[in-house]
Structures are given as C-alpha cells and as structure tokens.
Amino acid sequence: MKLWEIAHSRSGDKGNISNISLIVFNKSDYGLIKEKVTEERVKQWLGNKIKGNVERYELPQLGALNFVLFNALDGGVTSSTSLDKHGKSLSSFFLQMTI
C-alpha cells in the first residue's frame, strides 16, 4: 500500500532544513506508520536529495509523525537554484512510499 492511501502530508522549511509531517486519516493506522515509516526508510526513499540526518518526532495524539530533514534544500531557499526551493514536492513524493 502507498502512504497516500492512509495519510496526508504537509511540509515546511527553514534555511536548509525541511520538515515533512505524515498524518493518518484514521488514527487506527497510526501504529502501522509508526512501525513502517522509520528515519532510515525516509532517508533511503528520498535518496541523495537529503544530504544530512533525518530525525523523527512522534505525535500520537494527532496520529502523526514529523520528519526533520537536515541539509535537504541545496543550501536553503535564498541560495538554491532548485526549481522547488522550498521542498514542497518532497511531501508529494514521500506519499508515494510503499509500506
């Protein structure tokens, strides 16, 4: 199953750091994403776009995980030549992950 089938995502940025939240539609699916969507899997899935560490924060009351992606925006919004300087497409790509 793809993540988009059970969750939606939001993203944000600060400098060269991006964060992506993963929020389940139904809280009964929270345990599944908590088990399957690890820091290592996220870093592997997003590939060489993420040059730094990935940290995961759990928000069980919201049925959400938040991932902080370090060194992920080619230097940050003001210095990147990337077409997606804010990294908004990372959250869409993230939802394509199979669990």
Side-chain angles (χ1 to χ4, degrees):
M1 117 182 15
K2 302 280 187 180
L3 284 177
W4 62 263
E5 296 178 67
I6 61 170
H8 63 99
S9 182
R10 300 277 301 170
S11 64
D13 61 88
K14 192 66 155 178
N16 198 22
I17 300 170
S18 181
N19 71 16
I20 300 177
S21 60
L22 181 64
I23 308 124
V24 294
F25 297 124
N26 185 329
K27 282 194 182 177
S28 65
D29 291 321
Y30 177 72
L32 178 63
I33 67 164
K34 183 178 170 184
E35 175 189 342
K36 300 288 186 184
V37 187
T38 63
E39 294 163 327
E40 295 79 19
R41 289 244 10 242
V42 170
K43 184 158 179 144
Q44 179 184 25
W45 178 253
L46 296 176
N48 63 4
K49 181 73 177 156
I50 311 307
K51 295 176 178 59
N53 292 331
V54 173
E55 293 181 5
R56 180 176 91 167
Y57 296 89
E58 299 174 4
L59 303 153
Q61 299 86 347
L62 300 175
L65 300 175
N66 187 57
F67 293 90
V68 179
L69 316 170
F70 292 90
N71 198 6
L73 298 174
D74 292 331
V77 173
T78 59
S79 61
S80 175
T81 58
S82 171
L83 293 175
D84 182 18
K85 295 178 183 186
H86 294 273
K88 300 297 183 190
S89 63
L90 286 175
S91 63
S92 295
F93 181 69
F94 182 43
L95 290 174
Q96 296 299 318
M97 180 190 291
T98 302
I99 59 169

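Other residues, nucleotides and ligands contribute at most 12 non-hydrogen atoms within 6.0 Å of the CD atom of Gln44.
Pairing each heavy atom of Ala7 with each of Leu22, the nearest pair is CB-CD1, 3.6 Å. The shortest non-hydrogen separation linking Ser9 to Ile20 is OG-CG2, 3.1 Å. In terms of heavy-atom proximity, Ile23 sits nearest to Ala64 at CG1-CB, 3.8 Å.
Looking only at distances, no side-chain donor or acceptor of Asn19 sits under 3.5 Å from a matching main-chain atom of Phe67.
Here Leu59 is tied into one hydrophobic group with Leu62, each link being a pair of ILVMFWY side chains closer than 4.5 Å.
Judged as a side chain to side chain contact (heavy atoms under 4.5 Å, CB included), and not counting sequence neighbours, the contacts of Leu32 are Met1, Ile6, Lys36, Ile99. Under the rule for a salt bridge (charged side-chain N to carboxylate O under 4.0 Å, His left out), Arg10 has no partner lying at least two apart in sequence or in another chain. Take Glu58 and apply the side chain to side chain contact (heavy atoms under 4.5 Å, CB included) test, not counting sequence neighbours, and it matches Tyr30, Lys34, Arg56, Pro60, Leu65. For Glu5, the side-chain hydrogen bond (donor to acceptor under 3.5 Å, both in side chains) test picks out no residue, with sequence neighbours left out. Judged as a side chain to side chain contact (heavy atoms under 4.5 Å, CB included), and not counting sequence neighbours, the contacts of Asn26 are Ser28, Asp29.
The aromatic rings of Phe93 and Trp45 lie parallel to each other, with less than 30° between the two planes, well short of the 60° mark.
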side-chain contact (heavy atoms from CB on, under 4.5 Å) assessment of Phe70 paired with Ile50
CA-CA 7 Å; Phe70 292 90; Ile50 311 307; over 6 Å; no
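Looking only at side-chain heavy atoms (C-beta outward), Ile33 and Leu3 come within less than 4.5 Å of each other.
Interatomic distance, NZ of Lys51 versus NZ of Lys43, reported as 10.0 Å (0.5 Å rounding). Distance NZ/Lys2 to CE/Met97: 10.0 Å, rounded to 0.5 Å. Atom OG of residue Ser18 and atom CG of residue Leu69 lie 5.0 Å apart, to the nearest 0.5 angstrom.
Under the 4.5 Å side-chain heavy-atom criterion for Ile, Leu, Val, Met, Phe, Trp and Tyr, Phe25 and Leu95 are members of distinct hydrophobic clusters.
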